[in-house]
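Because the structure is predicted, anything quoted here is derived from the model rather than measured. Chain identifiers are assigned alphabetically (A, B, ...) following the order of the sequence lines, protein sequences preceding nucleic acid strands; residue numbering begins at 1 within each chain. Keep in mind that the numbers below use all heavy atoms, side chains included, and drop hydrogens, waters and symmetry copies.
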Amino acid sequence: MIDLKQLRENPQQFQAQLGLRGKYDLQPILDLDQQQRQLEVTRSQLQARSNEIGKLVGQKMKAGGKDDPEVQTWREEGNQVKAQLSELEPQEKEIKEQLRALLLTIPNLPSETTPVGKDEAENVEIKRWGDEYLPTHTEILPHWEIGEKLGILNFERSVKIAQSRFVTLIGAGAALERALIRFMLDRQTAAGYTEVSPPFLANTASLTASGQLPKFAEESFRCKDDDLWLIPTAEVAINSLHREEILSAEELPLRYCAYTPCFRREAGSYGRDTRGLIRLHQFDKVELFKFVHPDTSEQEHQTLLQDAEAILQALQLPYRVIELCTGDLGFSATKTYDLEVWLPSAEKYREISSCSNCREFQARRGDIRFKEAGKKGTQFVHTLNGSGLAVGRTMAAILENYQQPDGTVKVPEALQDYLGREVL
RNA sequence: GGAGAGGUGGCAGAGUGGUCGAAUGCGCUCGACUUGAAAUCGAGUGUGGCGAAAGUCACCGAGGGUUCGAAUCCCUCCCUCUCCGCCA
């Protein structure tokens, strides 16, 4: 959530920065804010008088002046004040709710360093890695074909169990996934992240805090009877690990990694990536998440990116790093680097990790603050998240990049001990 | 699912209609004493809104009600804990 107080002070600047992302009108928010504050002044004056009357009556009663005519006068005034309040209070509440509802739909402001652009075509490539590991032969089957040939992926039968866009991993496929999860978690915990295994269902407040709700409700699976949603990413769960808490500055940064499945409805993506592991309703991911002091968040963003890259490097998978432009930024992010892995069958780089700094955006929505010893008041933490990595897409990349001319797939060296074999 | 108990400040725990944002203890901060520390003593110590400030308002799980006045009484909901049942 953007900072209402700052918006009030620099509306033009906010409007301009948001304009880099798309079309957003902040005027209704400013108007409601104005109204709300006017009502608040009047209301609190009335409440002050009401409190005063209460005290006066109390004093008189204690002094034994129960039947004092003054008491009767105060009671009448008290009733009048109450009548006025009962008109104002619902008005103010209504306006506050409208205001919050509007604020929740405004995305984060792009950072000062985010490249300006209108859509993904204007994202900026900042690095390529691993050209020497690009496959040299040209007869590479798409991962779903090789996977089905090897009997380790099954899409057809998954439709029986669930529907399309699900996969069942079989034999070495299932083992490969398990090996990847362990490998990633081992690496990330060694890099200083605390492993957590959170609930895979989260409530509305959690999805709202991370920015998933209210705008993207149609993207998540919902358990309607329970105010619970299947998490679309572990980010939702870990963000709420410290929701409504006041941390102490000394315990920052908090760095977490978590393996979870992720559930997405992929509404509106009909016809895109219909085959394979790229776009499923359920996929596994090892997520990195940090709660940090604002002073360190840029630096922590860089190291988060490196920690995600380290997995691709260890697996010797060619990738590139791009920085998203203002028009392609996710709702909660102020700055985002995507890692894209090479998929030879498509001759394309495909997103395998997205590393974002959300600054105070999620912390404000989730009321996650910290206190510095000796300093007055509290500040919002900065939150950062990134995949380290998406497991399904990593499997796809391995099945393609490690495919050999004889139709087998070599197991990346770093995984051989985890899997207990060298070839699939 | 059945029965019961309970939700108060960082924690523990009082408060059952009146000046209570809330006793007391612990913790924490500062100061005194001490060669240093412990112990002891003194002072301070929640969050948020509005306001330049003084200040003022709100918050005792959430929402509503009674009252001049609610942490305290009434209603609804949520959550936690204990026991029983069921179950991985």
Over 60° means perpendicular and under 30° means parallel, so tell me whether A:H281 and A:F221 are parallel, tilted or perpendicular.
perpendicular
In terms of relative ring orientation, are A:F216 and A:F331 parallel, tilted or perpendicular, with 30° and 60° separating the classes?
perpendicular
Kindly give the heavy-atom pair with the smallest separation between [X] and [Y], and that separation in Å.
X: A:T114; Y: A:S111; result: OG1-OG, 2.8 Å
X: A:V167; Y: A:S158; result: C-OG, 3.2 Å
X: A:L207; Y: A:S220; result: CD2-OG, 3.9 Å
X: A:L329; Y: A:R21; result: O-NH2, 2.9 Å

Please report the distance separating the [atom1] of [N] from the corresponding atom of [M], rounded so that it comes out in whole Å.
N: B:rG21; M: B:rG46; atom1: C1'; result: 9 Å
N: B:rC77; M: B:rG27; atom1: C1'; result: 35 Å
N: B:rU80; M: B:rG31; atom1: P; result: 44 Å
N: B:rA88; M: B:rU8; atom1: C1'; result: 38 Å
N: B:rC84; M: B:rG13; atom1: P; result: 24 Å
N: B:rC75; M: B:rC81; atom1: C1'; result: 24 Å
N: B:rG49; M: B:rA43; atom1: C1'; result: 30 Å
N: B:rA62; M: B:rG6; atom1: C1'; result: 16 Å

Taking OP1 and OP2 of [N], is either one under 4.0 Å from a side-chain nitrogen or oxygen of [X]?
X: A:R369; N: B:rG48; value: yes
X: A:N51; N: B:rC57; value: yes
X: A:R37; N: B:rG51; value: yes
X: A:N203; N: B:rC79; value: no
X: A:K93; N: B:rG64; value: yes
X: A:K371; N: B:rU47; value: yes
X: A:T378; N: B:rG48; value: yes
X: A:R8; N: B:rC50; value: yes

Take atom [atom1] of [X] and atom [atom2] of [N], then tell me their distance rounded to the nearest Å.
X: A:Q47; N: B:rC59; atom1: CD; atom2: P; result: 8 Å
X: A:L85; N: B:rU66; atom1: CG; atom2: C1'; result: 16 Å
X: A:D367; N: B:rG46; atom1: CG; atom2: C1'; result: 13 Å
X: A:E372; N: B:rG10; atom1: CD; atom2: P; result: 19 Å
X: A:E250; N: B:rG10; atom1: CD; atom2: C1'; result: 13 Å
X: A:L99; N: B:rC50; atom1: CG; atom2: C1'; result: 14 Å
X: A:Q35; N: B:rC50; atom1: CD; atom2: P; result: 16 Å
X: A:Q379; N: B:rG48; atom1: CD; atom2: P; result: 11 Å

Counting the benzene-type ring for Trp, do A:F291 and A:H382 have ring centres under 6.0 Å apart?
no
Any strand: nucleotide that pairs with [N] via Watson-Crick or wobble, under 3.5 Å:
N: B:rG55; answer: B:rC50
N: B:rG10; answer: B:rC26
N: B:rC77; answer: B:rG61
N: B:rA3; answer: B:rU82
N: B:rA88; answer: none
N: B:rA38; answer: none
N: B:rC33; answer: none
N: B:rG18; answer: B:rC68

Nearest nucleotide by nearest heavy atom, which residue falls closer to the 5' end of RNA chain B, A:N79 or A:E40?
A:E40
Let me spell it out: for each of A:K5 and A:I246, pick the nucleotide of RNA chain B with the closest heavy atom. Which residue's pick is nearer the 5' end?
A:I246
Nearest to the side chain of A:V57 - B:rU67, B:rG18, B:rU19?
B:rG18
Value for CD (A:E287) from OG1 (A:T233), rounded to nearest 0.5 Å, stands at 4.0 Å
